[in-house]
Amino acid sequence: MDLTYINGQTRLLALLGHPAHHSISPKMHTQAAKLLGLDYVYLAFDIAPDEIGQAVMSLKLMEARGFNLTMPFKRTVIPYLDHLTKAAKLAGAVNTVINDNGILTGDTTDGYGYMESLRQTGFAPTNKVMTILGAGGAATAIIAQAALDGMKEIRIFKRKNQTFEDTLAFAEKVTGGTDCQVTVLDMADRQALATSIASSDLLTNATNVGMGDDDRSLVDKDMLRRDLVVSDIIYEPPLTPLLAMAKDLGCSYFNGADMLLYQGSASFKAWTGQDMPVKEIQRTCFS
Ligand code: NAP
């Protein structure tokens, strides 16, 4: 490991999460900085959930240029920040903080990361209809950015549990703040799900279902059709059961690896002002 470029001027970038040490972000950002000859080093810190405020104040004190947030801090960090970008306000979540001489601005680049990975497939979001499964932190960031990027209609399917009302309020906020109509439907209503997918251009799984032990698809194969674009923001495994069905049917499909890459590239740009060399990072960190 070559650390000889670190010197007295090197500035800190960081990830705060719980857990945090599994993340690919330290490798991605430190390699990008090194490739461009920029004086930054990126480290991951596992922080206890009730110590997020102290962690943020410590990074500010140490003049870190910025930091990322992952679970469970995307919402709980907000009270410790000075400003939020439009996307972060709409999503109600922050994954990137920029420190400008002690003034902390919270942004969310998860939605940008997803939308950029979508654009890379040739899909233009303007006036399109999306069905999205899930309404968690990643889903809300995607929905907010998709609405800002000109999507005409977004239908959210989620379980009718204690967070259903919050999702209704979120949908109302996005509908009121953009030109996109956002509705929330019960995931258990299979007929509504089939009907929604049948009239959508894009289907996105933004739940945890399809990874780890929960190795299922929330939609049936007969709900898909060949000209539907199917995406899953899970990147491990690379081919979830949903994507395997899409592949069988000959649909255009993609997983969450590029979302991860492009959300990182947007954070990197916000901190350093430079474009991340994404092709090189894709080759060294994602293959
Ligand atoms: P989260 O905030 O915990 O949200 C999880 C969502 O999944 C919730 O809407 C939840 O539904 C839904 N869900 C969980 N189990 C379900 C089940 N059995 N049936 C139906 N819905 C279920 O998590 P998150 O941060 O949004 O992450 C979600 C997924 O995205 C994870 O797999 C994560 O690895 C991935 N992710 C990828 C990237 C990337 O860059 N590619 C970035 C962030 C996250 P309810 O709302 O009904 O409870």
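We count ligands from 1, going down the list as the structure has it; atoms in each ligand are counted the same way.
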Margin query: Under 4.0 Å, heavy-atom basis, I'd like to know which part of T167 is in contact with ligand 1: side chain, backbone, both or neither.
Written below: neither

Note to self: List ligand 1 atoms under 4.0 Å from G134, heavy atoms only on the residue side.
What the structure shows: 9 (O)

Next item on the list: Would you mind checking which non-hydrogen protein atom is closest to atom 34 (O) of ligand 1, with the distance to 0.1 Å?
Entry: M211 SD, 4.0 Å

Item checked: Student check: side-chain heavy atoms of E280 and Q31 closer than 4.5 Å -> no

Item checked: side chain to side chain contact (heavy atoms under 4.5 Å, CB included), paired with D110, selected from N95, V94, L260 -> N95

Notebook entry, point to check: Considering only the protein, which heavy-atom contact is closest to atom 13 (N) of ligand 1, and what is its distance?
Noted result: R159 NH2, 3.6 Å

Next item on the list: Identify, by atom number and element, the atoms of ligand 1 in contact range of G256, meaning under 4.0 Å from any of its heavy atoms.
Entry: 39 (C), 41 (N)

Notebook entry, point to check: Between T207 and ligand 1, which part of the residue brings a heavy atom under 4.0 Å of the ligand: side chain, backbone, both or neither?
Noted result: both

Notebook entry, point to check: Looking at side-chain heavy atoms only, is the closest gap between E63 and N101 below 4.5 Å?
Noted result: no

Next item on the list: Would you mind listing which atoms of ligand 1 come within a distance below 4.0 Å of any non-hydrogen atom of I234?
Entry: 32 (O)

Next item on the list: Decide whether the shortest distance between a heavy atom of D214 and an atom of ligand 1 is less than 4.0 Å.
Entry: yes

Notebook entry, point to check: Heavy-atom contacts under 4.0 Å between A206 and ligand 1: side chain, backbone, both, or neither?
Noted result: backbone

Next item on the list: Apply side chain to side chain contact (heavy atoms under 4.5 Å, CB included) to L249 and list each qualifying residue two or more places apart in sequence or on a separate chain.
Entry: K221, L224, C251

Notebook entry, point to check: Counting heavy atoms only, which of P72, G136, A135 comes nearest to atom 1 (P) of ligand 1?
Noted result: G136

Checklist line | Residue part near ligand 1, for R216, under 4.0 Å between non-hydrogen atoms | finding: side chain

Next item on the list: Side-chain contact test, heavy atoms from C-beta onward, threshold under 4.5 Å: evaluate it for V41 versus L13 and give yes or no.
Entry: no

Notebook entry, point to check: So, do L38 and F268 sit near enough that their side-chain heavy atoms are less than 4.5 Å apart?
Noted result: yes

Next item on the list: Give a yes/no on ligand 1: does G113 have at least one heavy atom closer than 4.0 angstrom to it?
Entry: no

Next item on the list: May I ask whether atom 22 (C) of ligand 1 is less than 4.0 Å from at least one protein heavy atom?
Entry: yes

Item checked: Atom NZ of K152: over 12 foreign heavy atoms under 6.0 Å -> no

Next item on the list: With heavy atoms of Y235 as the reference, note each atom of ligand 1 found under 4.0 Å away.
Entry: 41 (N)

Check: Of all the non-hydrogen atoms in the protein, which one sits nearest to atom 38 (C) of ligand 1, and at what distance?
Finding: M259 CE, 3.9 Å

Check: Which pairs pass side-chain hydrogen bond (donor to acceptor under 3.5 Å, both in side chains) with one or both residues in residues 174-190, sequence neighbours excluded?
Finding: R190-D220

Next item on the list: Could you name the option among N255, I233, T240 that has the heavy atom nearest to atom 35 (C) of ligand 1?
Entry: I233

Next item on the list: Check whether any side-chain heavy atom of L261 lies under 4.5 Å from a side-chain heavy atom of I281, and answer yes or no.
Entry: yes

Next item on the list: Considering heavy atoms of the protein only, find what lies nearest to atom 2 (O) of ligand 1 and give residue, atom and distance to 0.1 Å.
Entry: G137 N, 2.9 Å

Next item on the list: Let me see the working for R11 and D39 under salt bridge (charged side-chain N to carboxylate O under 4.0 Å, His left out), right down to the final yes or no.
Entry: CA-CA 6 Å; R11 285 191 75 183; D39 226 351; over 6 Å; no

Next item on the list: Do me a favour and list the nearest non-hydrogen protein atom to atom 26 (O) of ligand 1 with residue, atom name and distance?
Entry: A138 N, 2.9 Å

Note to self: Tell me which one of L243, L133, L203 satisfies side chain to side chain contact (heavy atoms under 4.5 Å, CB included) with D232.
What the structure shows: L243

Note to self: Under 3.5 Å, is there a donor on one side chain and an acceptor on the other for Y114 and S231?
What the structure shows: yes

Margin query: Which option wins on minimum heavy-atom distance to atom 45 (P) of ligand 1: K160, K158, Q263?
Written below: K158

